[in-house]
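Note that this is a predicted model, so its numbers are computed, not measured. Sequence positions, counted from 1, serve as the residue numbers for this chain.
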Amino acid sequence: GTARHDREMAIQAKRNLSKTTDPVERLRLQCLARGSAGIKGLGRVFRVMDDDNSRTLDFKEFVKGLNDYAMMIDKEEAQKIFQIFDKDGSGTIDFDEFLVTLRPPMSKARKEIIMQAFRKLDKTGDGVITIEDLRGVYNAKHHPKYQNGDWTEDQVFRAFLDNFDSPYDKDGKVTTEEFMNYYAGVSASIDTDVYFIIMMKNAWKL
């Protein structure tokens, strides 16, 4: 049901956009209007722009990134958002911190169930999910592309991991943070904790 949640979330985000005046919330909603991976997508744009790998952006890069990602934000609003994140007034912002703050807030109960799913998939317990971890936990044989012979089992696993992986750096490994980012997007489309927890339990047989 993730595709349906995605659509619902996008519609909801667009609706809320007209109501909010908080610049950070507006940016968050614009990302979510593109679906669960919207925030991740903005992260990718920023990483591409971070030429010197400093993991920071100055105001000019920040504005260019927002424009490249076609965010509807005027310079004044961008300035406000930038100042919120530039806590020490250094003229640069740390974009990992930026993306975490942009992530829709989640209750403790939701974070716990997400971590339960992560631990179930992370069979080796090293904090990273890999193809090896997925063997025996995730059944590739039900996948339509496996059934019609297009993909091997490993290709199915890889495609599954790519869902959660950061789009700019698909390394076939999924960290806790990437898993959490993905589900923060899904979570934004689900109103109640109870419903979110049921969905997670069903999806991961927890």
Indicate yes or no for a side-chain donor-acceptor contact from [X] to the backbone of [Y] under 3.5 Å, with no hydrogens or angles considered.
{"X": "D133", "Y": "T130", "result": "yes"}
{"X": "D94", "Y": "T56", "result": "no"}
{"X": "Y69", "Y": "G38", "result": "yes"}
{"X": "D86", "Y": "I93", "result": "no"}
{"X": "E178", "Y": "T175", "result": "yes"}
{"X": "D122", "Y": "G127", "result": "yes"}
{"X": "D58", "Y": "F62", "result": "no"}
{"X": "S18", "Y": "R15", "result": "yes"}

| query | Relative to the ring of Y138, is the ring of F157 parallel (under 30°), tilted (30 to 60°) or perpendicular (over 60°)? | reply | tilted
| request: Please work out whether the ring planes of F179 and Y183 are parallel, tilted or perpendicular, with thresholds of 30° and 60°. | output: perpendicular
| task | Identify the two heavy atoms, one from P23 and one from I84, that lie closest to each other, and give their separation to 0.1 Å. | result | CG-CD1, 4.5 Å
| message | If I compare all heavy atoms of V128 with all of D126, which pair ends up nearest, and what's the gap? | response | O-OD1, 3.0 Å
| request: Could you tell me whether the side chain of L57 reaches within less than 4.5 Å of the side chain of T92, counting heavy atoms only? | output: no
| said: Would you say that K120 contacts K205 through its side chain, given a criterion of any heavy-atom pair below 4.5 Å between the two side chains? | reply: yes
| query | If you link I, L, V, M, F, W and Y whenever their side-chain heavy atoms are under 4.5 Å apart, who else ends up in the same group as V194? | reply | I198
| field | Ion pair check, D193 and R110, cut-off under 4.0 Å | value | yes
| query | Does the distance from a Lys or Arg side-chain N to an Asp or Glu carboxylate O, for E25 and R28, drop under 4.0 Å? | reply | yes
| request: Could you tell me whether F46 and F98 have their ring centroids closer than 6.0 angstrom? | output: yes
| query | Any side-chain donor-acceptor pair under 3.5 Å between D50 and S54? | reply | yes
| field | Option among R135, H143, K141, R158 that satisfies the side-chain hydrogen bond (donor to acceptor under 3.5 Å, both in side chains) test with E153 | value | K141
